Amino acid sequence: MKGVVASIAYANGRRLGEVAIPDISEVLEQPGRFVWIGLHDPDDEVLKEVQQEFSLHDLAIEDAARAHQRPKVERYGDSLFVVMRTAHLDRPTGAIEFGETHLFVGANYVVSIRHGASLPYVEVRTRCEASPDLLAKGPVFVLYALMDFIVDQYFPLVDSFEDRLEELEDNIFQQTLTRETTERIYQLKRNLLEVKRAVAPLVDMCNRLVRTDSALIHEDARVYFRDVYDHTIRINEMIDTLRELLTTALEANLSLISVSQNEAMKRLAGWAAIIAVPTMIAGIYGMNFKFMPELDWVLGYPVAMVVMLGACGFLYYRFKRSGWL
């Protein structure tokens with residue numbers, strides 16, 4: 001079926017096997033079993049069929065179909081609807097690819113829906129199946145495993161931001177200042193803001209899951225969500241630190257550009273002052289008056305040249321000593 005990645009039944013933490021979506025209701029009639037369905041960009045027909053099997057709320061299905069939702073956790077009766085944004089770095093291009101994951105969690109089912117660019121959850125399923133004692137806790141452990149996997153994907157992304165920031169700092173303080181450096185800083189700030197928008201709501205989401213009175217999340221399972229909460233706090237703090245450093249880097253870059261421009265203006269002003277002296281003397285002697293001092297003097301021209309060169313040399317020495325040249 002189009003959009004269905006996996007539909008597997010579990011009992012007592014053990015994998016039973018694939019199960020067709022129309023047969024899910026029959027499988028769930030047996031106690032101690034739950035089904036984990038994985039979907040990727042499903043069409044409306046598949047979503048409608050899944051909704052009928054698990055009696056999912058119309059509003060939650062509408063959100064899952066449209067995607068482009070803000071990260072959130074909502075409670076519909078005895079089930080939970082969780083929305084999270086995924087992000088990972090495309091190494092060849094360096095671009096950040098965002099996606100969405102919607103999770104429906106009930107007493108005996110988990111439905112994970114991926115939209116857009118996101119890593120497959122085969123690794124999560126494998127890890128869960130490798131820990132039958134934990135998987136025996138039911139859908140709540142699958143919810144934790146998926147959330148933990150999504151949150152952990154932000155750490156290498158933030159690390160890449162730190163590497164790019166270090167590279168920018170080298171460009172600012174060790175290389176020639178260019179407009180491209182300023183553009184790179186601004187673009188990095190925009191990308192970091194997008195990541196911040198995806199991560200910031202997770203703090204409140206995890207806090208709600210830890211403190212919820214839902215029967216789905218037992219007391220012994222809340223410690224796992226506290227672990228995810230700690231990770232989201234760390235990522236948010238890292239992002240806030242990077243944003244402050246980027247703001248400081250941008251200010252430093254603009255300050256250095258201003259200083260560089262001032263240095264250039266000082267050099268231009270110094271050379272203009274030096275050139276002004278011979279220009280003034282030559283201008284006086286070029287006025288073509290009949291009666292002017294030293295016009296008939298044999299040494300008049302050499303003396304005038306010596307005076308001009310001497311004045312220029314003196315001004316150059318003074319400007320050089322004061323740091324203008």
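Predicted model, so just to flag it, every value in this text is computed and none were measured.
At least one side-chain heavy atom of L246 sits under 4.5 Å from a side-chain heavy atom of L192. The shortest distance between side-chain heavy atoms of V142 and R125 does not fall below 4.5 Å. Here the side chains of E123 and T126 are not in contact, with every heavy-atom distance at 4.5 Å or above.
Cluster membership check: F155 shares its hydrophobic cluster with V124, using side-chain heavy-atom separations under 4.5 Å among Ile, Leu, Val, Met, Phe, Trp and Tyr. Hydrophobic clustering, with ILVMFWY side chains joined whenever heavy atoms are under 4.5 angstrom apart, groups L59 together with F104.
Taking the charged nitrogens against the carboxylate oxygens, E194 and R197 do have a contact shorter than 4.0 Å, which makes a salt bridge. By the 4.0 Å N-to-carboxylate-O rule, D204 lies too far from K72 to be salt-bridged with it. D227 and R222 are not joined by a salt bridge, as no carboxylate oxygen comes within less than 4.0 angstrom of a charged side-chain nitrogen. Ion pairing of E100 with R85 is absent here, as no side-chain N (NZ or NE/NH1/NH2) approaches a carboxylate O to less than 4.0 Å. With salt bridges taken as basic N to acidic carboxylate O contacts below 4.0 Å, one links R184 and E167.
Annotation for V19 and A9: closest pair CG1-N, 4.1 Å, computed over non-hydrogen atoms. The two atoms that bring I96 and A87 nearest to each other are CG2-CB, 4.4 Å, heavy atoms only. Counting all heavy atoms, side chain and backbone alike, I61 lies closest to L47 at CD1-O, 4.2 Å.
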*Report the C-alpha separation of T232 and Y154 in whole Å, then their side-chain angles, then the decisive distance to 0.1 Å, and conclude whether the side chain to side chain donor-acceptor pair (under 3.5 Å) test is met.*
CA-CA 9 Å; T232 57; Y154 285 101; over 6 Å; no

*Could you go step by step and tell me if M84 and L202 meet the side-chain contact (heavy atoms from CB on, under 4.5 Å) rule?*
CA-CA 8 Å; M84 300 183 70; L202 298 180; 3.7 Å; yes

_Stepwise side-chain contact (heavy atoms from CB on, under 4.5 Å) test for E74 and V83_ = CA-CA 9 Å; E74 294 180 345; V83 178; over 6 Å; no

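Ring pair F225/Y144 is perpendicular by interplanar angle, where above 60° counts as perpendicular and below 30° as parallel.
Checked by atom type, the side-chain pair Q153/H88 shows no donor-acceptor distance below 3.5 Å. Under 3.5 Å, the side chains of H231 and D152 contain a donor-acceptor pair of N or O atoms. E53 and Y109 form no side-chain donor-acceptor contact under 3.5 Å, judged by distance and modelled atom types alone.
Cluster partners of V203, by chain and number: Y229, I233. The rule joins Ile, Leu, Val, Met, Phe, Trp and Tyr whenever side-chain heavy atoms lie under 4.5 Å apart.
Figure legend: cation-pi geometry between R75 and F81 absent, as NZ or CZ is not positioned both under 6.0 Å from the six-membered ring centre and within 45° of its axis.
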